[in-house]
Q: 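The structure follows.
Predicted, not measured: the structure shown is a model, and the values here were computed from it.
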Amino acid sequence: MRIATWNVNGIRARHGQLLEWIDRERPDVICLQEIKATLDQLPMGLCDLEGYWCYWHGAKGYSGVGLHVSKERWPDGPAFAHPAFDFENRIVTAVLGDLTVASIYVPNGGKDFPAKMRFLESMHDMAAAYHAAGRPLVMCGDLNVARTERDVHPKERKPTAIGQLPEERALLECIIAEGLVDVGRALAPDDDGLFTWWAPWRNMRQRNIGWRLDYVLASRELASAATTCVVFREVGTSDHAPVLASFSV
């Protein structure tokens, strides 16, 4: 099973890149963030991706998430839903048999930091509820928090920068502690160059001076079957790269 996440930073500008990447990699689950489009604004071919159940949850020019699920692996179709704490089109879930997958776009926090913290707290409540019930969960997406100092290039480390604040990192750790595993870091514990976002100037991406903001957080049993978690730094013109985790299940 292969689960992907990608903040596309505007699906209308990058739909061709997305279709090309999907055609090449064929993930079983595709979680998208920052689609910045309503359903009627989506380019032709995206509303009914061949081989996928598709769900788009967006607004014009801002935020928005998508979730796409393989028809071959789940022929009966998923149940799509939104947790009660969803706002600004930032989360959608799909129930896939016993597994629930969430595509999540956490607020940046620059304009409303308390709203970001409330959203992370609600994510913690959600993870805790699934863990207590023994229900497997995968939380994917742009979480807008660099988990540790290692997840920020030394030239970008700023102790007062939103996305690196201790209280944000503490909340992310609380979420992970609810029976989840940070698959990317678990498979590359010593990789100091593991980043998923780069500021769009001064060739930051080409120089790999970035932050790790995009995650696949999987329940421990599923995470134990993880074989790879690849960041496609060379793909697309979004400021984020796609991340693709593979599991031997």
Q: For side chain to side chain contact (heavy atoms under 4.5 Å, CB included), just list the numbers for E20 and E25, CA-CA rounded to whole Å, side-chain angles, deciding distance to a tenth of an Å, and then say yes or no.
A: CA-CA 9 Å; E20 180 181 342; E25 299 297 335; over 6 Å; no
Q: Output all residues satisfying ring pair (Phe, Tyr, Trp, His ring centres under 6.0 Å) with Y55, sequence neighbours left out; order by chain, then residue number.
A: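 With neighbours one apart ignored, the set is F80, H82.
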Q: Salt bridge or not between D191 and R212? Use side-chain N to carboxylate O under 4.0 Å.
A: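 No, D191 and R212 are not salt-bridged.
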Q: Answer with yes or no whether the hydrophobic clustering places V29 together with L18; edges join I, L, V, M, F, W, Y residues whose side-chain heavy atoms lie under 4.5 Å apart.
A: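 In one cluster with V29: L18, no.
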Q: Given the rule in the side chain to side chain contact (heavy atoms under 4.5 Å, CB included) test, do V231 and F195 qualify, once you have shown the distances and angles that lead to the verdict?
A: CA-CA 8 Å; V231 177; F195 307 125; over 6 Å; no
Q: Can you list the steps and then say if M126 with I175 is a side chain to side chain contact (heavy atoms under 4.5 Å, CB included)?
A: CA-CA 9 Å; M126 176 182 174; I175 293 166; over 6 Å; no
Q: List, by chain and then residue number, the residues other than Y62 in its hydrophobic cluster (Ile/Leu/Val/Met/Phe/Trp/Tyr, side-chain heavy atoms under 4.5 Å); write none if there are no others.
A: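 Listed partners: none, Y62 stands alone.
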Q: Less than 3.5 Å apart, any donor N or O on the side chain of Q33 or D142 sitting next to an acceptor on the other?
A: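 Result is no, nothing qualifies.
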Q: Is the closest side-chain heavy-atom distance between L143 and M123 below 4.5 Å?
A: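 In short, these two side chains touch, coming nearer than 4.5 Å.
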Q: I want to check something: taking the side chain as every heavy atom from C-beta on, are S219 and L180 in contact at a cut-off of under 4.5 Å?
A: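 Yes, at least one pair of side-chain atoms sits under 4.5 Å.
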Q: Once salt bridge (charged side-chain N to carboxylate O under 4.0 Å, His left out) is applied, do any residues pair with E167, and if so which ones, sequence neighbours excluded?
A: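 So E167 forms no salt bridge (charged side-chain N to carboxylate O under 4.0 Å, His left out) with any residue.
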Q: Find out whether E149 and Q164 are in side-chain contact, i.e. whether some heavy atom of one side chain is under 4.5 Å from a heavy atom of the other.
A: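 Yes. Closest side-chain heavy atoms under 4.5 Å.
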Q: Of all residues at least two apart in sequence or in a different chain, which pass the salt bridge (charged side-chain N to carboxylate O under 4.0 Å, His left out) check with R185?
A: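 Salt bridge (charged side-chain N to carboxylate O under 4.0 Å, His left out) check on R185 returns D151.
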Q: Walk me through it: do D214 and T196 pass the test side chain to side chain donor-acceptor pair (under 3.5 Å)?
A: CA-CA 6 Å; D214 304 85; T196 66; 2.5 Å; yes
Q: Where is the tightest heavy-atom contact between V8 and R14, given as atom of each residue plus distance?
A: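 Minimum heavy-atom separation between V8 and R14: O-NE, 2.7 Å.
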Q: With ring-ring contact (aromatic ring centres under 6.0 Å, His included) as the rule and sequence neighbours excluded, what pairs involving residues 21-51 come up?
A: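 Passing the test, one end in residues 21-51: W6-W21, W21-F232.
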Q: Of the non-hydrogen atoms in G193 and N208, which two are nearest, and what is the gap between them?
A: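 Between these two residues, the closest heavy atoms are O-ND2, 3.0 Å.
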Q: How about L19 and L46: do any of their side-chain heavy atoms sit closer than 4.5 Å?
A: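 Counting from C-beta outward, L19 and L46 do come under 4.5 Å.
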Q: Could you tell me whether the side chains of T237 and Q17 share a donor-acceptor contact shorter than 3.5 Å?
A: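 Result is yes, a qualifying pair exists.
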Q: Find out if a path of hydrophobic residues (ILVMFWY) with successive side-chain heavy-atom gaps under 4.5 Å connects W74 to L137.
A: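 No, separate clusters.
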Q: Indicate, with yes or no, if the rings of H240 and W211 have centres closer together than 6.0 Å.
A: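 Between W211 and H240, which both carry aromatic rings, the centre distance is not below 6.0 Å.
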Q: With rounding to the nearest 0.5 angstrom, report the CG to CD1 distance, L49 to I30.
A: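 Rounded to the nearest 0.5 Å, the CG-CD1 separation comes out at 6.5 Å.
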Q: Nearest heavy-atom pair of L165 and P159: which atoms, and what distance?
A: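 Closest heavy-atom pair between L165 and P159: CD2-O, 3.6 Å.
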Q: Ignoring hydrogens, what is the shortest heavy-atom contact between F87 and P107? Give both atom names and the distance.
A: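 Nearest heavy atoms, F87 then P107: CZ-CG, 3.9 Å.
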Q: Excluding sequence neighbours, so at least two apart, what forms ring pair (Phe, Tyr, Trp, His ring centres under 6.0 Å) with W198?
A: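 Not a single residue meets the ring pair (Phe, Tyr, Trp, His ring centres under 6.0 Å) criterion with W198.
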Q: Residues in salt bridge (charged side-chain N to carboxylate O under 4.0 Å, His left out) with E178, at least two apart?
A: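 Expected list: none.
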Q: Tell me which pairs pass ring-ring contact (aromatic ring centres under 6.0 Å, His included) where either residue lies in residues 127-159, with sequence neighbours left out.
A: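 Sorted result for residues 127-159: empty, none.
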Q: Could you tell me whether a side-chain N or O of S246 sits under 3.5 Å from a main-chain N or O of T227, the two making a donor and an acceptor?
A: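 No.
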Q: Do L120 and V106 come within less than 4.5 Å of each other through their side chains, counting heavy atoms only?
A: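 They are in contact (side-chain heavy atoms under 4.5 Å apart), so the answer is yes.
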Q: Shared ILVMFWY cluster between F119 and V145, side chains joined below 4.5 angstrom?
A: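 Yes, F119 and V145 fall within the same hydrophobic cluster.
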Q: Look at the side-chain heavy atoms of Ile, Leu, Val, Met, Phe, Trp and Tyr, link any pair under 4.5 Å apart, and say whether L67 and I104 land in one connected group.
A: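 As far as the 4.5 Å side-chain criterion goes, I104 and L67 are not connected within one cluster.
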Q: Name the residue from T38, L42, V65 that meets the side-chain contact (heavy atoms from CB on, under 4.5 Å) definition with W56.
A: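 That would be L42.
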Q: Quick test of your reading of the model: are R205 and E234 salt-bridged, counting only N-O distances below 4.0 Å?
A: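 Result for this pair is no, no salt bridge flagged.
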Q: Closest approach of A186 and P189, non-hydrogen atoms and distance?
A: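 Minimum heavy-atom contact is O-CD, 3.7 Å.
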Q: Any side-chain heavy atom of L244 within less than 4.5 Å of one from P27?
A: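 The answer is yes, as the side chains (C-beta and beyond) meet within the 4.5 Å cut-off.
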Q: Nearest 0.5 Å, what's the OG-CZ distance between S70 and R2?
A: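 Reported to 0.5 Å precision, the distance equals 11.5 Å.
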Q: Run the side-chain hydrogen bond (donor to acceptor under 3.5 Å, both in side chains) test against D192 and tell me which residues pass, sequence neighbours left out.
A: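 So D192 forms a side-chain hydrogen bond (donor to acceptor under 3.5 Å, both in side chains) with R150.
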Q: Verify, without hydrogens or angle tests, whether E156 (side chain) and G210 (backbone) share a donor-acceptor contact under 3.5 angstrom.
A: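 Between the backbone of G210 and the side chain of E156 there is no qualifying donor-acceptor contact (under 3.5 Å).
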Q: Apply the side-chain contact (heavy atoms from CB on, under 4.5 Å) test between F247 and each candidate in T228, V138, V183; give the one that qualifies.
A: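 Per the side-chain contact (heavy atoms from CB on, under 4.5 Å) rule, the option paired with F247 is V183, out of T228, V138, V183.
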Q: Supply the members, apart from V181, of the Ile/Leu/Val/Met/Phe/Trp/Tyr cluster built from side-chain contacts under 4.5 Å; use none for a lone residue.
A: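 So far as hydrophobic clustering goes, V181 is joined with none.
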Q: Answer yes or no: is there a side-chain heavy-atom contact under 4.5 Å between H68 and L32?
A: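 Of all side-chain heavy-atom pairs linking L32 with H68, at least one is under 4.5 Å.
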Q: Go through the steps to decide whether R90 and E34 satisfy the test salt bridge (Lys or Arg N to Asp or Glu O under 4.0 Å), and finish with yes or no.
A: CA-CA 8 Å; R90 291 185 179 274; E34 210 170 356; over 6 Å; no
Q: Ignoring hydrogens and angles, write down the donor-acceptor pairs under 3.5 Å from the side chains of residues 92-101, residues two or more places apart or on other chains.
A:
residue : atom : partner : partner atom : Å
T93     : OG1  : A81     : O            : 3.2

Q: Would you kindly confirm whether Y105 and I162 end up in one hydrophobic cluster when ILVMFWY residues are joined by side chain heavy atoms under 4.5 Å apart?
A: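 Each belongs to a different hydrophobic cluster.
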Q: Return the CD to NE2 distance between E88 and H57, rounded to the nearest 0.5 Å.
A: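 The distance works out to 10.5 Å.
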Q: Looking at D239 and N9, what are the two nearest heavy atoms and their distance?
A: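 Closest approach of D239 to N9, heavy atoms only: OD1-ND2, 3.5 Å.
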Q: Which pairs with one or both residues in residues 50-74 pass salt bridge (charged side-chain N to carboxylate O under 4.0 Å, His left out), sequence neighbours excluded?
A: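 Matches after skipping sequence neighbours: D28-R73.
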Q: Using side-chain heavy atoms (C-beta onward) and a distance below 4.5 Å, is T5 in contact with S103?
A: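 In short, these two side chains do not touch, never coming nearer than 4.5 Å.
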Q: Quick check: are there more than 12 heavy atoms from other residues, nucleotides or ligands sitting under 6.0 Å from CD of E221?
A: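 No, because the 6.0 Å sphere around CD of E221 holds 12 heavy atoms or fewer from other groups.
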Q: Walk me through it: do R220 and L222 pass the test side chain to side chain contact (heavy atoms under 4.5 Å, CB included)?
A: CA-CA 5 Å; R220 289 172 187 156; L222 178 59; over 6 Å; no
